[in-house]
Structures are given as C-alpha cells and as structure tokens.
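Report on one structure; see the data block that follows.
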Number of protein chains: 2
Amino acid sequence: MAKDGKITMSDVAQLAGVSTMTVSNVINERVRVSEDARERVLAAIRESGYQINPSARNLRAGRSGVIGLAVPQVGNTYFGMMAELVIEEARRRGYHVAIEQTGALAAGEAAAIAQSRRLQLDGLILSAVEVDSLVPPVPVQGYPIVLMGEQDPAGRFDHITVPNEAGTAAATEHLIDQGCQRIAVVTGGNLDRLTMFTRRYNGYRTALEDRGLATDPRLRFMVDALSREGARSTGRRIAEAGLGIDGVVVFNDTVAMGVMRGLRDRGVSVPGDMRVIGFDDVPESASFIPSLSTVHPDHRWKAAKAVDLIISRIADPSSPPRQYTVPFEIVRRESTA
Amino acid sequence: MAKDGKITMSDVAQLAGVSTMTVSNVINERVRVSEDARERVLAAIRESGYQINPSARNLRAGRSGVIGLAVPQVGNTYFGMMAELVIEEARRRGYHVAIEQTGALAAGEAAAIAQSRRLQLDGLILSAVEVDSLVPPVPVQGYPIVLMGEQDPAGRFDHITVPNEAGTAAATEHLIDQGCQRIAVVTGGNLDRLTMFTRRYNGYRTALEDRGLATDPRLRFMVDALSREGARSTGRRIAEAGLGIDGVVVFNDTVAMGVMRGLRDRGVSVPGDMRVIGFDDVPESASFIPSLSTVHPDHRWKAAKAVDLIISRIADPSSPPRQYTVPFEIVRRESTA
DNA sequence: TTGTAGGCGTTATCAG
DNA sequence: CTGATAACGCCTACAA
C-alpha cells in the first residue's frame with residue numbers, strides 16, 4: 001500500500017516519456033494513441049505496478065463509484081448468494097457495492113432508497129417485495145433504481161425478474177412427466193394481489209390445464225407460516241389430507257425443505273410416496289436429504305444483468321424502463337426421482 | 001441525486017456567510033469554531049441538504065475509504081451474518097466494505113491479500129483458516145491486516161478470536177449441569193496442529209477434568225466430512241456406539257444439526273436420550289427442531305472490534321499487534337433441556 | 001477564530 | 001496524435 005499507493009499517473013508518464021494525458025488515453029482507450037506511445041505506456045505501467053486511483057477518477061467524474069444493493073436479509077442464503085454475485089459483477093465493471101437491508105418491509109425499502117440517496121450512491125439495485133408502495137413520498141424520482149426480483153406492475157422501473165409462471169409451470173410439468181397425477185401446491189401470501197405467490201400459483205394451474213389434469217381447490221395449501229416450522233406443519237397437513245396426493249409443487253426451496261420434513265414426520269417418503277419440487281435452487285437444496293429438485297434461475301445472469309441495467313440507467317436516467325426475465329432450467333434431483 | 005450531488009462545501013459556506021474552511025472545521029470538529037458561526041453552518045447544511053463528497057475527501061486524505069473483508073464463503077449463513085455486521089459497523093465509521101471469498105483455502109487467502117492490495121483497499125479483515133501459510137511470498141508485509149476467527153500463533157497480526165477453549169468448556173459444563181455423565185465430543189481436522197478443532201477439543205477435556213469426569217478416547221468422534229451428510233453419518237455412529245453416551249459436544253452448529261439428524265435416523269431422541277450442544281449460534285440454530293443450545297459469541301462485538309482494529313492499524317501501521325477474545329454466553333435451548 | 005492558497009490524482013478541453 | 005491547463009471537492013499549512 002505504502003508503495004503502490006504512491007505511484008501516480010505522472011510517474012508512469014515520466015517513465016514512458018509522455019504526458020499524463022497520453023497515459024490516461026491509453027488506459028481509457030478514449031482516443032487513438034500511436035502504437036509507439038501506447039507500448040511505452042503499457043510497459044511503464046507494468047514496470048511500476050501502477051494502479052489507477054479511484055477516488056481521483058470518481059471526483060473528476062462526479063460519481064461515487066458505489067452502487068447500493070438492498071435486499072431483505074443478507075443472512076438468508078439466497079440473498080447472500082445474490083449479493084456475492086452482484087458484488088463480483090459490479091467489481092468487474094469498476095463499481096463497489098454497498099449493502100443495505102430492508103427486512104422485506106415497505107418501510108425498510110423506502111429507508112434503503114433514502115439512505116442510498118443520502119450516501120450519494122450512484123444508484124440502487126433493490127430487491128423489492130413491496131413494489132406497490134414505492135410511490136411518493138418515497139423518494140424514487142430522478143434516482144437510478146433497478147428492481148430485482150419482483151416486477152413493477154406499473155412499469156415505472158427497470159426490472160429483472162425470475163420466471164415465476166414459466167418456472168412453476170415447468171416444475172409442475174416435470175412432476176407430471178414423472179408420473180404424478182394428483183399434484184398439490186403450496187403457496188402463501190394473499191392470492192388477491194399479483195404477487196410472486198400468485199404468479200407461481202398461476203404457473204401451476206396453467207400447467208395442469210395444459211396437460212389436461214383437473215384442478216382441485218383442496219390441493220391448494222397455504223403455508224402455515226414463512227418459517228421452517230410453519231412449512232413443516234404444512235407438510236404434515238398435506239400428509240394427512242388423504243387426497244391421494246403424489247406430488248407437491250412448493251413456491252420456494254426453503255419452504256419445500258420444511259414441507260419435506262413435515263411429510264417425513266408423518267411417515268411419507270420422498271420421492272417414494274410423494275415427489276416434491278421447489279423454486280430458487282438455494283445452496284442447501286443440493287445437499288438436503290433427499291436432495292431437492294427445483295427451478296434453477298441463472299443467478300449469475302441475473303446479477304450481471306442487474307448491474308448492467310443500473311449502470312446504463314445511471315448513464316442515461318431518462319431512457320424508458322426495460323424489463324428482463326432470467327433464464328431458468330429445471331434441476332432434477334432425488335426428490336422427484 | 002442530480003440535486004444533492006451538486007451541493008458542495010462552498011455552497012454551504014456561501015449560504016452561511018463563511019469560508020469553506022469554517023464549514024470543514026464544523027463538520028470535522030477539528031478546531032474550535034465560534035458558536036455563532038457553527039450554528040449558521042449547521043443551519044446551512046440542514047437547509048441545503050449538503051452531503052460531504054467521499055471521493056474528494058478520500059483523494060485528499062490519500063486513502064480509498066474501503067476496507068476489504070475476506071471470508072471463506074458469503075453464501076454460508078455464518079459468514080453472511082458476519083459480513084452484514086462488519087458492513088454496518090464499517091459504515092458507521094465512514095468506510096465501505098469490499099467482500100472477497102477465499103474458499104477457506106490457503107491459496108484463496110493469499111489471493112485475497114494480493115487482490116486487496118491491488119485494489120488499494122485501505123486494509124483487510126481476513127477470516128483466515130490457514131494462518132500458518134500467511135508467510136512470504138504471501139504479501140503480508142506493510143499492509144494493514146486483521147485476522148478474524150483463527151489466531152496467529154506467531155503473534156504477527158492483530159487478531160480477534162472466538163473463545164474456543166472457554167466456550168467449549170462452558171458448553172461441556174452446561175451438559176454436566178444438566179446431568180450428563182458420559183459426554184461425547186465431535187471434532188475434526190488434524191488434532192496435531194493447534195487449530196480451532198484442537199482448541200475446542202481441549203476445552204472439552206479441560207471441563208471434564210475440572211469436574212472430575214473420566215475422559216474416554218472412545219468418546220471422541222471425528223466428523224466424517226465437513227458437510228451435512230458427513231455430520232449425519234457421524235451422528236449415526238454415535239447412536240450405534242453403545243457407550244452409554246448421554247451428551248454430545250459438537251464443534252459447530254452446522255455439524256451439530258447434522259449430528260442430530262443422524263441420531264434421529266437411529267431413533268435417538270434429543271434431548272430425551274442424549275443432549276446436544278453446538279458452537280457459533282448461527283441463525284438456523286434457533287429454528288431447528290429441536291432448537292439447538294450453543295455457545296453464542298457476541299457477533300456484533302466481534303464485528304465492531306474487527307473494524308476498530310483495522311482502522312487503528314491503518315492509522316498506525318507500526319504499533320505492536322493486539323489480540324482480543326470475543327465475549328460469549330451459553331444459550332440454552334431445547335436440545336439440552 | 002477565520003480565511004487564503006495550494007495540491008491530492010484524474011480527465012475534459014482545446015491548442016499545438 | 002499529443003500536451004498544457006484547469007477543474008472536480010476537500011483539507012493541511014500558513015497567514016491574518
């Protein structure tokens with residue numbers, strides 16, 4: 001540090017026998033530089049171990065070089081993983097990431113936006129759950145925000161979303177392909193609003209209809225609580241329902257694992273008696289016993305796209321909002337074997 | 001942003017009718033400023049919504065304002081949680097945090113150090129596992145590094161460590177207090193070197209000796225693998241050992257949960273037949289079934305101390321290394337009821 | 001106690 | 001194609 005930190009562009013310029021502007025131009029590839037000068041500069045950089053000083057560059061550019069990432073909880077493995085990927089992708093593009101937590105609450109999300117502005121972060125990637133409440137006086141105007149996860153029905157924001165319907169439909173079809181006939185679904189939240197829960201539930205219904213299977217309202221289970229224990233007790237209810245259930249589509253992996261534990265409490269074996277499939281492919285899913293089949297969205301693609309979106313939004317705040325859907329695939333594991 | 005970002009110190013100065021230096025002095029509380037001037041400045045700051053520009057400040061100060069945090073894996077809940085706390089504590093002190101991953105490998109740790117220097121981060125908080133390999137040519141010289149987690153036997157680095165011996169001893173004593181007489185221990189790694197495994201194992205032995213219980217080498221189980229499945233099979237072995245075991249001390253929570261699953265595979269009930277206690281108090285431990293008693297180090301204290309250490313190390317690179325141990329308490333939950 | 005001058009390292013601008 | 005100059009916003013040093 002002591003040494004590295006002291007080497008400046010003018011040191012390099014001197015070494016190469018050119019002006020600092022030429023060094024800058026070589027580094028940033030802005031204007032054409034003669035082959036001769038370019039090579040001398042590159043050699044000087046290599047020799048000296050020069051590293052650009054981000055503070056100076058950012059000062060000059062009038063930006064902070066930091067983007068915010070607001071998620072419900074970093075402790076949660078799903079968001080931990082996403083944070084890790086976003087950090088990597090951002091670094092690759094010369095940005096740092098500052099992490100905020102929202103607790104999945106509307107107030108937390110509003111606070112994250114305010115905080116992000118206050119800290120003069122260049123923009124914010126927001127894993128918003130309560131999109132509908134992102135209206136004034138929440139300070140969303142004139143600040144680069146990209147939503148990651150939920151969609152904005154009003155189309156006001158850039159967003160990148162997982163394929164809720166298509167993914168759940170594919171999961172359901174996978175169960176059908178494996179021979180399941182009476183497929184239950186575990187959902188949650190309020191199905192009157194168009195939330196992630198509703199979308200995933202719709203995917204399940206669509207698949208059943210497409211494949212000519214009857215939809216039976218008794219096969220729809222609301223998760224008892226968004227916790228391991230809540231999911232476990234839901235699993236027990238499914239085991240005791242006595243409806244000939246042979247497959248279960250669950251709206252996310254964490255809950256799916258809880259459901260499997262509940263099934264096992266009641267002596268139901270997975271996949272022997274019932275097959276189970278989740279959504280997200282969180283890290284634990286592969287090592288759970290039995291390992292969990294699931295909808296695997298391309299997490300890195302998602303992170304990279306979110307970073308690209310926020311950077312281009314920062315560059316051009318007035319362009320129309322864009323929407324993207326993450327590619328996905330079904331991962332087949334023991335739980336649906 | 002457009003607006004906030006444009007307000008500079010001289011805008012504030014003009015508004016308050018003073019010079020920029022007075023504004024700077026008010027903000028940084030460096031020298032005494034008259035009550036009158038101070039109030040006008042504060043009012044101007046409030047009115048204008050002024051925010052200091054970190055790039056300019058850092059450029060001037062010759063630092064980056066970013067510290068690195070290298071952990072084995074952010075996806076891991078324990079490190080996710082620690083990362084979250086370190087980020088918060090750092091922000092509180094005006095620093096950003098850049099996260100690196102080491103994969104718990106010596107090479108990864110060396111790479112994190114090199115990368116951290118290369119990026120000109122002001123310092124690095126390193127959750128090192130392979131401390132012994134932190135020797136040249138690993139570039140540790142003249143760069144502020146604080147170790148978090150493992151100790152440096154050579155005493156070359158600042159470090160902050162969890163109370164391996166004392167914590168495990170207290171855990172073991174808790175089992176004894178609950179009436180356990182034949183207490184097994186689950187450990188791992190290589191007990192010939194003084195690693196976290198060895199220290200925790202020693203804590204267990206010390207407690208048994210202090211309380212006058214016999215130590216029986218057959219009660220020492222090496223975890224089959226550092227994974228859920230590995231721990232599970234270790235749990236089965238414990239269940240089948242037939243040594244009258246009525247308590248198990250496990251070196252961390254994740255493995256403890258795997259062990260409990262293995263015990264259950266063999267019909268051993270926790271805490272009915274055996275009591276189990278872990279170490280770390282990761283987020284899942286409270287919601288596991290049964291909830292896991294464990295050694296709870298003060299995670300926030302640890303994060304705050306690590307940040308304080310690195311900041312003071314940055315300020316004074318030549319002061320002698322300092323060592324701290326995190327305070328802890330035993331959390332009693334269902335698994336030892 | 002307050003203000004002035006100058007420079008931290010980079011890059012936009014414009015002249016050469 | 002290259003270089004001199006000025007400026008980004010802040011703070012140390014010194015002067016008033």
Side-chain angles (χ1 to χ4, degrees), chain A residues 1-42 44-45 48-66 94-95 119-122 315, chain B residues 1-42 44-45 48-66 94-95 119-122 315:
Chain A
M1 162 125 195
K3 271 174 298 179
D4 309 339
K6 291 295 179 201
I7 300 165
T8 75
M9 218 174 230
S10 49
D11 294 330
V12 175
Q14 205 168 348
L15 238 162
V18 297
S19 76
T20 61
M21 271 320 297
T22 301
V23 178
S24 178
N25 286 330
V26 168
I27 289 174
N28 296 295
E29 299 178 326
R30 292 215 177 290
V31 301
R32 284 204 58 71
V33 177
S34 68
E35 242 345 282
D36 180 42
R38 145 184 248 85
E39 270 175 29
R40 292 214 311 284
V41 167
L42 290 175
I45 288 175
S48 61
Y50 168 74
Q51 285 298 132
I52 201 158
N53 180 323
S55 296
R57 167 180 279 184
N58 291 334
L59 172 59
R60 183 61 238 223
R63 53 166 218 167
S64 67
V66 182
Y95 277 87
L119 294 172
Q120 302 188 219
L121 309 185
D122 294 335
Chain B
M1 163 123 196
K3 272 174 297 176
D4 309 339
K6 292 293 179 200
I7 300 164
T8 76
M9 218 175 229
S10 50
D11 294 330
V12 175
Q14 206 168 348
L15 237 162
V18 297
S19 76
T20 61
M21 270 322 296
T22 301
V23 177
S24 177
N25 287 329
V26 168
I27 290 175
N28 297 296
E29 298 178 329
R30 291 216 177 288
V31 302
R32 286 205 58 72
V33 176
S34 69
E35 241 348 281
D36 179 43
R38 147 184 245 86
E39 271 174 27
R40 292 215 310 284
V41 168
L42 290 176
I45 288 176
S48 60
Y50 169 73
Q51 285 298 131
I52 202 159
N53 179 324
S55 296
R57 166 182 278 184
N58 290 334
L59 172 60
R60 183 61 240 236
R63 54 168 216 164
S64 66
V66 181
Y95 277 86
L119 294 173
Q120 302 187 219
L121 308 186
D122 293 335

Using whole Å, what does the distance between atom [atom2] of nucleotide [N] and atom [atom1] of [X] come to?
X     : N      : atom1 : atom2 : answer
B:E39 : C:dT2  : CD    : P     : 12 Å
B:I52 : D:dC8  : CD1   : C1'   : 15 Å
B:Q14 : C:dG3  : CD    : P     : 13 Å
A:R63 : C:dA12 : CZ    : P     : 12 Å
B:N58 : C:dG7  : CG    : C1'   : 16 Å
B:N53 : D:dA7  : CG    : P     : 18 Å
A:M9  : C:dA12 : CE    : C1'   : 13 Å
B:I7  : D:dC10 : CD1   : P     : 11 Å

With sugar-phosphate meaning primed atoms plus P, OP1 and OP2, does [X] contact a base, only sugar-phosphate, or nothing at under 4.0 Å between heavy atoms?
X     : answer
B:M21 : base
A:A61 : nothing
B:N28 : sugar-phosphate
A:T20 : base
B:N25 : nothing

Exercise for the section: Mind running side chain to side chain contact (heavy atoms under 4.5 Å, CB included) on B:D122 and B:S64 for me, showing each step along the way? Expected result: CA-CA 6 Å; B:D122 293 335; B:S64 66; 3.1 Å; yes

Does a nitrogen or oxygen in the side chain of [X] sit under 4.0 Å from OP1 or OP2 of [N]?
X     : N      : value
A:S24 : C:dT11 : yes
B:R30 : D:dC11 : no
B:S19 : C:dG3  : yes
A:R57 : C:dG9  : no

Practice task
Report the residue (B:S55 or A:V33) whose heavy-atom-nearest nucleotide on DNA chain D is the more 5′ of the two.
Solution key: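 This one resolves to A:V33.
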
Problem - Close side-chain approach of A:I27 and A:R57, heavy atoms under 4.5 Å - result: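 Yes - at least one pair of side-chain heavy atoms lies under 4.5 Å apart.
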
Problem - Non-hydrogen side-chain atoms of B:R32 and B:R38 separated by less than 4.5 Å - result: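 No, their side chains stay 4.5 Å or more apart.
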
Exercise for the section: Evaluate the criterion side-chain hydrogen bond (donor to acceptor under 3.5 Å, both in side chains) for residue pair A:N25 and A:R30; output intermediate values, then yes/no. Expected result: CA-CA 6 Å; A:N25 286 330; A:R30 292 215 177 290; over 6 Å; no

Practice task
Take B:R32 and B:A56, find for each the nucleotide of DNA chain C with the closest heavy atom, and name the residue whose nucleotide sits nearer the 5' end.
Solution key: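 Per heavy-atom nearest nucleotide, the more 5' residue is B:R32.
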
Exercise for the section: For B:G17 and for A:L59, find the nucleotide of DNA chain C with the closest heavy atom, then tell me which residue's nucleotide is more 5'. Expected result: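 Upstream on the strand: B:G17.
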
Practice task
Mark yes or no for whether A:S48, through its side chain, and A:A44, through its backbone, hold a donor-acceptor pair below 3.5 Å.
Solution key: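 Yes.
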
Practice task
Among B:T8, B:V12, B:N28, B:D11, find the one that has a side-chain contact (heavy atoms from CB on, under 4.5 Å) with B:V23.
Solution key: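 The passing option is B:V12.
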
Exercise for the section: Using only heavy-atom distances, decide whether a donor-acceptor pair under 3.5 angstrom links the side-chain of A:R60 to the base of C:dA12. Expected result: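 There is none.
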
